[in-house]
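Report on one structure; see the data block that follows.
We name chains A, B, ... by the order of the sequence lines, and we start the count at 1 in each one. Atoms considered below: every heavy atom in the structure, side chains included; atoms not considered: hydrogens, waters and symmetry mates.
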Amino acid sequence: MEERYFPQKNEKEILEQWEKNNTFKTYNDSDKPKYYALSMFPYPSGKLHMGHVRNYTITDVIARFKKMNGFNVLHPIGWDSFGLPAENAAMQHGANPAKWTDENIAYMTKQLKMMGLSYDWDREVTTCKPEYYKWTQWLFLQLYKKGLAYKKEAAVNWCEKCGTVLANEQVIDGKCWRCDSVVEKKYLSQWFFKITDYAEQLLKDLDKLEGWGENVKTMQANWIGKSEGAILKFKVVDAPDGKDLEIPVFTTRPDTVHGITYLVVAPEYKDIELLTTPENKEKVEEYRQNARRMTEIERLSTERVKTGVPLGTHCINPYTGETFPLWTADYALAEYGTGAVMAVPAHDTRDFDFAKKYNLPLKVVIQNSENPSDCKDAAYTEEGVLVNSNEFNGMKNTDAKKAITQKAVDNSFGEFKTQYRLRDWLISRQRYWGAPIPVVYCEKCGVQPVKEEDLPVLLPEDVDFSIVGKSPITTSKTFKETTCPVCGGKAVRETDTMDTFVCSSWYYMRYADARNKEKCFDKDLANKWLPVDQYVGGIEHAILHLLYSRFFTKALKDLGLIDFDEPFKNLLTQGMVLKDGSKMSKSKGNTVDPDEIFQNYGADTARLFILSDSPPARDFDWSDAGVEGCYKFINRVWRLVSDNFKYINVNYSIPENLSKDNDTLLRNVHIAIKGITNDISNDFQFNTVISKYRELTNAIYDRLSKNFEGTEEDKNVFSFAVLMLIKLMSPVTVFMAEKIWQELGYKTSIHDEKWPEWDENLAKSAGITLVVQINGKVRDKIEVQNGLSQDELKEMALNSPKVKEQIAGKEVVKTIVVPQKLVNIVVK
RNA sequence: GCUCUAGUGGUGGAAUCGGUAGACACGUUGGACUUAAAAUCCAAUCGGGUGAAUAACUCGGUGCCAGUUCAAGUCUGGCCUGGAGCACCA
């Protein structure tokens, strides 16, 4: 055995063996229980970054641990390979997006293999390949048939720089999630998925997801944004052309209805022209133009003073008979509720600000009886009792909500209503590098889905990427013109492609049956492997990918394609990889290239280090010294074996009645097995797992340095300790463990070994340190043997000379004995 | 503003049930080995105080203020600070 460990040479050699022996292939038929471990699949951007390394290492260790614990583990990988960067590369360097993507995948595949990840490469999926996107298109057609995919004209988010529309979820602070440029509003006809049909289920089923972090669940709940309230309708009394018009509003505060002093409609409100008097027309029109020109950022700014203009018309309040004016103001949002708001300045801070600016009246209808407010300086938004509200006076406002809405229901001017903030998912993209939306437009038959047997609708290759301002796909001469699947007449293809998040909303199901040419996947296989037992990825997908995937799962279940209704049972959101306290990024120039680490220290060091310093969910600060430390530790373990090779007997047996030193080591091994197993099982605390590797290593070295004579007993216990250490480390330092295993003469892989078990009686030290406290302060520590009775412990504590000295002349009030731990003597 | 999350040495972080605060490392300092260096090994390392002392002892200490308890990093109430998400959502 070599004196030093040479990662570069050994890792390469071992990789070749694993590949040859198919060590990590997953078979569908197995008697073992299944376990599905999954990392969020990467975008093939060119090279792995440290975030990838962290993500894949965490999942890999979980997969290997579960495999050693007797599970049939599915641990696949693939490529989220559609998307803009490939297209941008094509535009900038004249490269073909497919070629660019393929080259990146090839390089990153090499890197992933170098990391020693236990993937079943036979299940690799690549979303940009026709054999995959055929099924993305097929699923689109199923959703279309169910009415869950539809086209509508709407105000949508437009990113000029990316030349495409974006989903709501992809607009961050009014900016594009990808390129950070300001998003504009455009009115376009676009394809949507009806995710809002599932708003309630998506919200309710969050409760089922016990293995998800509270942060992710609340983020999703906030995004879905459920509000219970009422729709109340108000008749317009003086519409300019004498029409009978009604304005419905959504409110969560029907209890304040008697306090309405005006009503606001959004500038984009559909009937606004019918509600405007001729005298006000010009001003209203001007205001609407302005509102339209404003960017989301300007409009959403809470700093901005509220503005608006009166329409000149009025409504009547059916509860009071009072009339009140109509205004338009951009603090009312067209897309939420009905686009109209009843304004109660006394009890809503926004209405209060607006009323104050335009000198609109306010009317108090809720009072706190102990501390009444006239609402002159601020709106009163707390709970209270109704006043100035006719028959509802004296009622608690929480009760009044229901009673007042009920009155509207009884008199047909309102209803109970649950409102969600979630909007439908806009999936059209005016880009080339995505799955074409499989529909055609026929002059006679209108919108028609492509026939399933004609899938996939292939991306054309005769496209020109140099033309700016339109989707490259529209430059194809062959793509657009086609025939109608119904009448056979002339038709044109949809040139929009699907949001890449559609592709990634079902890839984890495809892994169950990745090579199926007849179906998107076999139902039984999907039901067998899913849901994913452990999903690992970045928090940045807390809403986007994770919400879309949940929607897909529910929709696919309703389509009868699967039997489960949540895709990911447990979710681990790993923290970021930082360098010098801030996120690694090219622009900051603080990146560390994984290749360099693999070259200089080997993949084992990278794996060990990235798990060692922080728990997985927390941010991790990369330090060169830390890498160095891990590399040293790997060599320390290697030397432990190589320097003491002569003492190792793989067919060891542990005799009874060990010497004290050997007994201590034996116990330390059992303590380590127990601790490491628990740490992995309990939230994957890999940082403490690695400290326990070090503790055990230290304990074994300790044994060697004291009275180690190389007797049969010494050798047997030492052998046991070393072999267990290597096994415990094998999910993390995968190459070194395998190499040592081979050096010890094994012909099979250590990665097919069973996880070690511990003996509960041995997983504790032979004696305990009894802590003796007086009034809760530590005063003495006594080494005692295990298993003494409470009285014996108490006796020993009271006999301690230090204790005697301290309690002399005082009265012992009480003595508390904690078995196996401490005695606390309370004195006065 | 609302929601979630965290706060422990010089640093990363440990600490099942409330029971020795600071495991394991990094860093630093000193030492051994060496002609020298690297590598390796050993020791010290929360702060204050008493002591000639690397002896012995003692007090304080887990963001702040209270409380519960024999005992609080851990439980309860109130605050402060950082991070994240949402945000004129009626």
Side-chain angles (χ1 to χ4, degrees), chain A residues 4 172-173 213-223 225-227 229 249-253 256 264 266 299-304 306 329-333 335-344 347-351 353-354 381 419-423 539-540 542-543 573 575-576 581 609 612-615 617-630 632-633 635-636 639 675 678-679 682 685 687-695 697-698 701 705 769-781 802 813-827:
Chain A
R4 267 195 65 198
I172 316 287
D173 292 332
E214 216 47 53
N215 52 344
V216 178
K217 287 197 277 186
T218 32
M219 274 161 77
Q220 291 212 356
N222 288 342
W223 189 260
K226 181 178 180 172
S227 300
V249 304
F250 172 73
T251 181
T252 53
R253 295 296 305 273
T256 63
V264 180
R299 187 166 163 176
L300 290 179
S301 164
T302 41
E303 301 296 302
R304 205 163 67 86
K306 290 183 177 44
D330 62 6
Y331 82 89
L333 305 174
E335 320 87 70
Y336 184 74
T338 64
V341 190
M342 61 179 229
V344 184
H347 304 296
D348 182 279
T349 51
R350 294 152 304 181
D351 298 342
D353 293 345
F354 190 80
T381 56
Q419 183 72 43
Y420 300 90
R421 278 163 48 187
L422 184 69
R423 310 284 152 81
I539 186 80
E540 66 274 15
I543 292 171
T573 48
M576 288 185 299
F609 176 54
S612 66
D613 264 11
S614 297
R618 245 190 266 183
D619 286 350
F620 175 87
D621 211 337
W622 184 273
S623 82
D624 297 336
V627 179
E628 199 71 45
C630 284
K632 284 181 188 172
F633 176 59
N635 275 293
R636 184 166 148 86
R639 281 195 314 274
N678 287 343
D679 284 356
N682 173 25
Q685 295 177 49
N687 55 328
T688 54
V689 168
I690 287 159
S691 347
K692 281 164 188 151
Y693 292 161
R694 291 176 184 272
E695 280 174 5
T697 307
N698 291 345
Y701 269 111
S705 69
T769 306
L770 181 71
V771 174
V772 184
Q773 298 182 330
I774 294 170
N775 290 341
K777 290 195 192 296
V778 180
R779 285 292 176 260
D780 199 8
K781 295 172 191 177
K802 283 182 191 166
V813 183
K814 200 172 174 185
T815 313
I816 290 111
V817 182
V818 181
Q820 305 291 310
K821 275 232 169 77
L822 64 70
V823 177
N824 188 12
I825 301 159
V826 186
V827 296

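- If you check every strand for non-hydrogen atoms under 4.0 Å, A:R779 touches sugar and phosphate atoms only.
- If you check B:rU40, B:rC88, B:rG12 against the side chain of A:D613, the one that comes closest is B:rG12.
- Among the nucleotides B:rU20, B:rG19, B:rA90, the one closest to any side-chain atom of A:S227 is B:rA90.
- One atom, CG of A:N678, and another, P of B:rA15, lie 12 Å apart when rounded to the nearest Å.
- Ranking B:rA25, B:rG85, B:rA23 by closeness to the A:R694 side chain, first place goes to B:rA25.
- The phosphate of B:rC70 has OP1 or OP2 within less than 4.0 Å of a side-chain N or O from A:K814.
- Distances from the side chain of A:F250 to the nucleotides B:rC88, B:rC70, B:rA90 place B:rA90 closest.
- Atom-to-atom, CG of A:D353 to P of B:rG1 comes out at 14 Å; the value is rounded to the nearest Å.
- B:rG61 and B:rU8 have their C1' atoms separated by 10 Å, given to the nearest Å.
- For the OP1/OP2 pair of B:rA14 and a distance below 4.0 Å, the side-chain nitrogens and oxygens of A:T688 include no atom meeting the criterion.
- In the interface, the side chain of A:K306 is paired with the base of B:rC88 through a donor and an acceptor atom under 3.5 Å apart.
- Map A:T251 and A:I539 each onto its nearest nucleotide of RNA chain B; the residue landing nearer the 5' end is A:I539.
- For the pair A:E540 CD and B:rG83 P, the interatomic distance rounds to 19 Å; values are reported in whole Å.
- Going from atom CZ of A:F633 over to atom C1' of B:rC26 covers 15 Å, rounded to whole Å.
- For A:E695, the listed nucleotide lying nearest its side chain is B:rC24; candidates were B:rC24, B:rU40, B:rC57.
- At the heavy-atom level, A:K692 lies nowhere under 4.0 Å from the strands shown.
- With both pairing distances under 3.5 Å, B:rU40 is matched to B:rA32 as a Watson-Crick or G-U wobble pair.
- Among the atoms of the strands shown, base atoms are found under 4.0 Å from some heavy atom of A:Q773.
- A:V341 comes within 4.0 angstrom of a base, heavy atoms only.
- Between B:rG77 and B:rA25, the distance separating the two P atoms is 39 Å to the nearest Å.
- To the nearest angstrom, P of B:rC2 lies 20 Å from CG of A:N215.
- Distance check on atom P: B:rU76 versus B:rG83 gives 26 Å, rounded to whole Å.
- Base pairing of B:rA53: no nucleotide in any strand meets the Watson-Crick or G-U wobble criterion (both distances under 3.5 Å).
- Taking atom CD1 on A:I774 and atom C1' on B:rC57, their separation rounds to 15 Å, with Å as the unit.
- Across the protein-nucleic acid pair, A:R618 atom CZ and B:rU5 atom P stand 14 Å apart, rounded to whole Å.
- Residue A:K217 places no side-chain N or O under 4.0 Å from the OP1 or OP2 atom of B:rG85.
- Going from the P atom of B:rG73 to that of B:rG19 covers 9 Å, rounded to whole Å.
- Between A:I825 and A:T815 there is a side-chain heavy-atom pair separated by less than 4.5 Å.
- For A:E214 and B:rC2, the CD to P distance is 19 Å, given to the nearest whole Å.
- Side-chain contact between A:V344 and A:R253 is absent, with no heavy-atom pair separated by less than 4.5 Å.
- Considering only side-chain atoms of A:P615, the nucleotide from B:rC41, B:rG60, B:rA14 that sits closest is B:rA14.
- Base pairing analysis places B:rC70 opposite B:rG19; the two distances defining the Watson-Crick or G-U wobble pair are each below 3.5 Å.
- OP1 or OP2 of B:rA14 has at least one side-chain nitrogen or oxygen of A:N687 nearer than 4.0 Å.
- Between B:rC59 and B:rC4, the distance separating the two P atoms is 42 Å to the nearest Å.
- Taking only distance into account, the side chain of A:N222 never meets the base of B:rC86 through a donor-acceptor pair shorter than 3.5 Å.
- Listed pair A:R636 / B:rC41 meets the phosphate criterion, a side-chain N or O lying under 4.0 Å from OP1 or OP2.
- Between B:rC41 and A:R639, a contact under 4.0 Å exists linking OP1 or OP2 to a side-chain N or O.
- Taking the side chain of A:N698 as heavy atoms from C-beta on, and the options B:rA15, B:rC17, B:rA25, the nearest nucleotide is B:rA25.
- Residue A:Q685 places at least one side-chain N or O under 4.0 Å from the OP1 or OP2 atom of B:rA15.
- No side-chain donor-acceptor contact under 3.5 Å links A:N635 to the backbone of A:R4.
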(request) Tell me, with the steps shown, if A:F609 and A:F633 meet side chain to side chain contact (heavy atoms under 4.5 Å, CB included). (result) CA-CA 10 Å; A:F609 176 54; A:F633 176 59; over 6 Å; no

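- Among the nucleotides B:rU20, B:rC26, B:rA87, the one closest to the side chain of A:A625 is B:rC26.
- Contact annotation for A:V778: backbone-only contact, meaning every heavy-atom pair under 4.0 Å involves sugar-phosphate atoms and none involves a base.
- Remark: the separation of the C1' atoms in B:rC80 and B:rG22 is 24 Å, to the nearest Å.
- In this structure, A:Y336 reaches the B:rA90 phosphate: one of its side-chain N or O atoms is under 4.0 Å from OP1 or OP2.
- With contacts defined as side-chain heavy-atom distances shorter than 4.5 Å, the pair A:V627/A:W622 qualifies.
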